[in-house]
Amino acid sequence: MTARSLISVADLTPEELRGLFALTARVKSEPERYRTRLSGKSLAMIFQKSSTRTRVSFEVGMVQLGGQGLFLSSRDLQLGRGETISDTAKVLSRYVDGIMARTFAHQTIVDLAKYATIPVINGLTDDLHPCQALADFFTLKEVFGDLMGRKLAYVGDGNNVAHSLMITAPMVGMDIAVVTPPGYEPDSAYVEMARARAVEAGTRLELSNDPAAAVSGASAVYTDVWASMGQEEEAEERLKAFGGLMVDAELMSQALPEAVFLHCLPCHRGEEVSAEVADGPQSRIFDEAENRLHAQKALLLWLMAGESL
Ligand code: CP
Ligand code: NVA
């Protein structure tokens, strides 16, 4: 039997998402209450790509809950020498209590979840970054309280982070405007999914090439790198295509006066964001990074310790 996993935020009902945010707040304010809840439990952490935040926050999160995280680079696993995903999932299911994986192809994580008998958590794929979206919207809730009717402007590449934000925004009642250069729009399958969810929730999804219109009325402005992991060879071409789409003080001034700046990190100051904005008073990037830890601890408690939401 397959266990409950988190491959996309779309796997959650809006009620479960609300419950996860509430648990995240409890975990953040009273960490000692959960100190032994994952005692004796292990999380296998498979990485096909680099990571600072995801690796450290999951590993430290497991320790803070009384368990342990095992860092497994796909280069060192037999996976890197051709062992199948299904065999890897089945074998790990006999040793550990959960798997977190960062993969290139999205299908890899889907297959891990299909063949594992334990929870599988998506730690980023080429398509999605759900743990990032959990921390991002939790951060916005900390700043603004209820998010209903507010607007998030995403300025940059229509990538994994953009997809997860688009899918999640309607679940918290937020409008989302996504601005990309022509040709770098989000994947149409995720646009369709996000549009259907927005229609159902009564929120707006706008796609455009117009940053000023997108940030107008926005409570949060978000950006991400122009070349994601796996796109290193396109970096130069992307630099040209995205030139001028930097989130700078001038663009921030066109959002609401109380607007905050978010970035999943790592960021490139002077490319997608100016140093003035990244390190300025509206920036919440380090709170956002910290909240990865608290949000993922809540997720681990729900999936691996049966904590109710
Ligand atoms: N935001 C994020 O996932 O960072 P890492 O790539 O460092 O894990
Ligand atoms: N879009 C970026 C996010 C990194 C956390 C990437 O996939 O490289």
Side-chain angles (χ1 to χ4, degrees), residues 6-9 24 43-62 69 71-74 99-109 121-140 152 154-168 178-181 184-187 190 220 222-239 241-242 245-247 261-269 271-273 278 283-297 299-300:
L6 185 84
I7 304 305
S8 167
V9 183
T24 302
L43 178 74
M45 310 192 309
I46 301 174
F47 284 89
Q48 289 185 339
K49 295 172 172 170
S50 305
S51 170
T52 297
R53 280 143 290 268
T54 304
R55 176 183 174 177
V56 177
S57 55
F58 268 107
E59 196 162 333
V60 167
M62 282 301 293
F71 173 72
L72 306 167
S73 156
S74 62
I99 299 172
M100 187 278 295
R102 167 167 287 193
T103 66
F104 285 97
H106 187 69
Q107 192 60 40
T108 304
I109 193 110
I121 298 171
N122 180 353
L124 179 148
T125 66
D126 287 348
D127 286 15
L128 294 174
H129 199 358
C131 294
Q132 184 66 51
L134 293 180
D136 297 339
F137 287 100
F138 179 78
T139 305
L140 291 177
L152 170 68
Y154 176 93
V155 180
D157 186 25
N159 62 15
N160 44 11
V161 168
H163 293 158
S164 285
L165 293 173
M166 278 166 31
I167 291 169
T168 313
V178 177
V179 189
T180 65
Y184 293 91
E185 290 83 6
D187 185 278
Y190 291 107
Y222 198 120
T223 189
D224 185 15
V225 292
W226 292 338
S228 285
M229 291 181 277
Q231 297 173 332
E232 288 76 10
E233 282 175 12
E234 297 172 29
E236 213 166 304
E237 173 191 329
R238 284 172 168 266
L239 200 58
F242 284 80
L245 209 53
M246 181 195 290
V247 177
F261 171 73
L262 297 179
H263 192 308
C264 57
L265 303 180
C267 71
H268 296 105
R269 291 173 177 80
E271 290 186 18
E272 74 274 7
V273 60
S283 178
R284 294 289 179 279
I285 58 177
F286 298 114
D287 293 336
E288 185 187 2
E290 178 189 327
N291 284 334
R292 292 289 304 277
L293 172 69
H294 307 301
Q296 289 161 194
K297 283 171 72 178
L299 186 61
L300 293 166

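Treat the numbers as computed from the prediction; the structure is a model and nothing was measured. Whatever order the structure lists them in is the order used to number ligands and atoms, beginning at 1.
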Is a side-chain donor or acceptor of N159 paired with a backbone partner of A162 at a separation under 3.5 angstrom? yes
I'd like to know if the side chain of K297 and the backbone of M62 have a donor-acceptor N/O pair within less than 3.5 Å. no
Sub-3.5 Å donor-acceptor pair from the side chain of S164 to the main-chain atoms of L128, do we have one? no
Is a donor on one side and an acceptor on the other found under 3.5 Å between the side chain of H163 and the backbone of D127? yes
Check each protein residue for a heavy atom under 4.0 Å from ligand 1 and list those that pass, ordered by chain and number. S51, T52, R53, T54, R102, H129, Q132, C264, L265, R292
Across all chains, not counting sequence neighbours, the ring pair (Phe, Tyr, Trp, His ring centres under 6.0 Å) partners of F242 are Y184, W226
Please name all residues satisfying ring pair (Phe, Tyr, Trp, His ring centres under 6.0 Å) with F104, sequence neighbours left out, ordered by chain then number. none
N/O to N/O under 3.5 Å, ligand 2 against protein:
{"unit_1": "ligand 2", "atom_1": "1 (N)", "unit_2": "N159", "atom_2": "ND2", "d": "3.3"}
{"unit_1": "ligand 2", "atom_1": "1 (N)", "unit_2": "N160", "atom_2": "OD1", "d": "2.9"}
{"unit_1": "ligand 2", "atom_1": "1 (N)", "unit_2": "D224", "atom_2": "OD2", "d": "2.6"}
{"unit_1": "ligand 2", "atom_1": "1 (N)", "unit_2": "S228", "atom_2": "OG", "d": "2.7"}
{"unit_1": "ligand 2", "atom_1": "7 (O)", "unit_2": "N160", "atom_2": "ND2", "d": "2.8"}
{"unit_1": "ligand 2", "atom_1": "7 (O)", "unit_2": "S228", "atom_2": "OG", "d": "3.4"}
{"unit_1": "ligand 2", "atom_1": "8 (O)", "unit_2": "M229", "atom_2": "N", "d": "2.8"}

Could you pull out the closest heavy-atom pair between A105 and D126, with the gap in Å? N-OD2, 3.9 Å
Contact summary for I46 and I99, nearest pair of heavy atoms: CD1-CG2, 4.1 Å
Flag, side chain of E232 to backbone of G230, donor-acceptor distance under 3.5 Å: yes
